[in-house]
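Heads up, the thing below is written out as structure tokens.
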Amino acid sequence: MFIVEKPKKLFPDQPSPATANPPAKSSPAKETVVYSSCAEVRKAGKSPLRKGDPGYSLKLDRDGDGVACE
């Protein structure tokens, strides 16, 4: 008869692999907005758009400074 022992942790302070990386919580989906012109942005009341804002695109940012429809 064989006795099987549980493997010992090499580093007892560290969590086991099963708990080391818990599943990521799902974040809300990013809003997808596309404006065809700055007139459309202004009509929606979203002017000016900054880089990272929903709807910002380089085509709306004439001088490339990160602020569109200014």
Side-chain angles (χ1 to χ4, degrees):
M1 179 149 92
F2 294 97
I3 298 175
V4 179
E5 291 184 25
K6 243 181 159 178
K8 294 181 182 177
K9 287 185 178 180
L10 294 176
F11 304 100
D13 296 346
Q14 294 184 354
S16 66
T19 60
N21 295 322
K25 293 181 181 179
S26 60
S27 58
K30 268 197 165 184
E31 187 178 354
T32 303
V33 180
V34 178
Y35 296 108
S36 59
S37 68
C38 284
E40 198 174 304
V41 175
R42 289 184 193 98
K43 185 176 177 183
K46 302 293 183 178
S47 171
L49 292 173
R50 289 179 171 65
K51 192 172 185 176
D53 288 347
Y56 172 87
S57 71
L58 285 173
K59 74 176 189 171
L60 299 174
D61 187 359
R62 290 182 174 193
D63 56 3
D65 66 350
V67 182
C69 303
E70 37 195 343

With the 4.5 Å side-chain cut-off for hydrophobic clustering, are Leu58 and Tyr35 part of the same group?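 Yes, one cluster joins them.
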Quick one: pull up [atom1] in [X] and [atom2] in [Y] and give me the separation to the nearest 0.5 Å.
X	Y	atom1	atom2	answer
Leu60	Cys69	CG	SG	4.5 Å
Lys59	Ser36	NZ	OG	6.0 Å
Lys43	Cys38	NZ	SG	15.0 Å

Sorted by chain and number, sequence neighbours left out, side-chain contact (heavy atoms from CB on, under 4.5 Å) with Arg50 holds for Pro48, Asp53, Val67
Is it true that a side-chain atom of Ser47 and a backbone atom of Val41 form a donor plus acceptor pair closer than 3.5 Å?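 Side chain of Ser47 to backbone of Val41: no pair is present.
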Heavy atoms of other groups near Arg62 CZ, more than 12 under 6.0 Å: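 Not more than 12 within 6.0 Å, no.
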Below 4.5 Å, heavy atoms only, C-beta onward: do Glu70 and Asp65 meet side chain to side chain? yes
Which residues pass the side chain to side chain donor-acceptor pair (under 3.5 Å) test with Tyr56, not counting sequence neighbours? Asp61
